[in-house]
Amino acid sequence: MIDATLLPLQRAMLRSPATALAARGVRADQVTVTGFAIGVLAIPALMMHAFWLALVLILLNRLADGLDGAIARINGPTDRGAFLDIALDFVFYALVPVGFALADPTRNALAASVLIAAFVGSGSSFLAFASIAAKRDMSAESYPSKGIYYLGGLTEGAETILFFAAICLFPAAFPLLAYLFALACGLTTLTRWLMGWRAFSDTE
């Protein structure tokens with residue numbers, strides 16, 4: 001919902017570190033994979049109730065997610081980079097609820113399952129829209145540098161980061177927060193379905 005507004009600020013903040021990394025020969029794909037590996041470490045941290053450590057690992061993953069794009073803009077974007085970025089992001093998003101389910105199966109497993117289902121709905125509608133938009137040579141004016149058609153919604157990257165921070169800071173509230181965020185993801189999915197229905201309806 002607010003990603004397009006925050007994008008210029010994010011780019012300004014990451015320009016210097018991205019330039020330094022690119023000058024040292026670091027490639028965007030390397031940052032993407034490294035960031036994913038760091039993010040995966042949050043799952044055992046969550047399982048062991050090390051919620052502060054998990055939060056740090058999640059934030060490092062999100063920092064890498066911004067840096068890889070900044071490096072790609074310096075070195076030149078690639079289709080492989082765009083593919084890796086979005087594919088690993090969606091897996092990471094789904095793994096965080098798994099970590100909470102492992103931390104307390106009795107209290108968290110159902111809420112985690114609902115949240116993962118909501119992530120699947122939001123992610124699949126995002127990718128389905130992007131694939132058809134690419135076939136029709138459509139572009140998103142609010143996200144001109146994205147590797148695929150970037151369709152916004154109520155729950156975008158910034159909101160997801162804030163949600164992850166909240167559940168790490170207040171782990172006892174995970175079920176309630178997970179259900180609320182799943183509802184927001186559900187609304188995002190419904191709006192994307194509607195947008196797809198309208199955008200891809202061929203009229204004579």
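Side-chain atoms are counted along with the backbone in the values below, which use heavy atoms only and exclude waters and symmetry mates. Fair warning: this is a prediction, and the values are worked out from it, not measured in the lab.
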Exercise for the section: If the plane angle is over 60° it's perpendicular, under 30° parallel, otherwise tilted; pick one for Phe200 and Phe129. Expected result: tilted
When rounded to the nearest 0.5 Å, the distance separating CZ of Arg80 from CG of Asp85 is 13.0 Å
Closest heavy-atom pair, Leu177 versus Phe170, reported as atoms and distance to 0.1 Å, is CD1-O, 4.5 Å
Rounded to the nearest 0.5 angstrom, the CD1-CG distance for Ile167 and Leu162 is 11.5 Å
**Asked** Donor-acceptor pair, Arg62 side chain versus Ile58 backbone, under 3.5 Å?
**Response** no
Practice problem: Evaluate the criterion side-chain contact (heavy atoms from CB on, under 4.5 Å) for residue pair Leu63 and Leu14; output intermediate values, then yes/no. | Solution: CA-CA 9 Å; Leu63 174 61; Leu14 295 179; 3.8 Å; yes
Correct closest heavy-atom pair for Val98 and Ala94 would be CG2-O, 3.5 Å
Notebook entry, point to check: Taking it one step at a time, do Ile86 and Phe90 satisfy side-chain contact (heavy atoms from CB on, under 4.5 Å)?
Noted result: CA-CA 6 Å; Ile86 198 68; Phe90 281 132; 3.5 Å; yes
Closest non-hydrogen contact found for Phe119 with Pro97 is CE1-CG, 3.9 Å
What I'd like to find out is whether the side chain of Pro171 reaches to under 4.5 Å of the side chain of His49, using heavy atoms alone. no
Minimal heavy-atom distance between Ala70 and Ala18, with the atoms involved, is CB-CB, 3.4 Å
The reported gap from CG in Asp68 to CG in Leu88 (rounded to nearest 0.5 angstrom) is 9.5 Å
When you group the ILVMFWY residues by side-chain heavy-atom contacts below 4.5 Å and let the links chain together, are Leu169 and Ile161 in the same group? yes
From the list Phe174, Phe163, Phe164, ring-ring contact (aromatic ring centres under 6.0 Å, His included) with Phe181 holds only for Phe163
* Side chains of Leu57 and Leu55: closer than 4.5 Å at any heavy-atom pair? -> no
task = Group every Ile, Leu, Val, Met, Phe, Trp and Tyr by side-chain heavy-atom contacts under 4.5 Å, then state whether Leu95 and Leu41 land in the same group.
result = no
Item checked: Co-membership, hydrophobic cluster, residues Ile116 and Leu127, 4.5 Å side-chain -> yes
*asked:* I'd like to know whether Leu176 forms a side-chain contact (heavy atoms from CB on, under 4.5 Å) with Leu180, so could you lay out the CA-CA distance, the side-chain angles of the two residues, the decisive distance to 0.1 Å, and finally the verdict.
replied: CA-CA 6 Å; Leu176 174 60; Leu180 290 174; 4.2 Å; yes
Rounded to the nearest 0.5 Å, the CG atom of Asp89 sits from the CZ atom of Phe126 at a distance of 9.0 Å
To the nearest 0.5 Å, atom CZ of Phe100 lies from atom CD1 of Ile43 at 10.0 Å
For Thr191 and Thr188 the tightest heavy-atom approach is OG1-O, 2.7 Å
Heavy atoms of Ala118 and Cys185 approach each other most closely as CB-CB, 3.7 Å
Exercise. Walk me through it: do Ser122 and Arg192 pass the test side-chain contact (heavy atoms from CB on, under 4.5 Å)?
Key: CA-CA 8 Å; Ser122 178; Arg192 286 174 176 166; 3.1 Å; yes
When rounded to the nearest 0.5 Å, the distance separating CZ of Phe51 from CG of Leu46 is 6.5 Å
In the structure I gave you, are the side-chain heavy atoms of Arg15 and Thr19 within less than 4.5 Å of one another anywhere?
yes
### Message
Let me check something: do Leu115 and Val91 share a hydrophobic cluster, defined by ILVMFWY side-chain heavy atoms less than 4.5 Å apart, either directly or through other members?
### Response
yes
Inset, instruction - Ignoring hydrogens and angles, tell me if any N or O in the side chain of Asn61 forms a donor-acceptor pair with the backbone of Gly35 under 3.5 Å. - result: yes
Mark yes when over 12 heavy atoms from residues, nucleotides or ligands other than Tyr179 sit less than 6.0 Å from its OH; otherwise mark no.
yes
Do Leu183 and Leu190 belong together in a cluster built from hydrophobic side chains that touch within less than 4.5 Å?
no
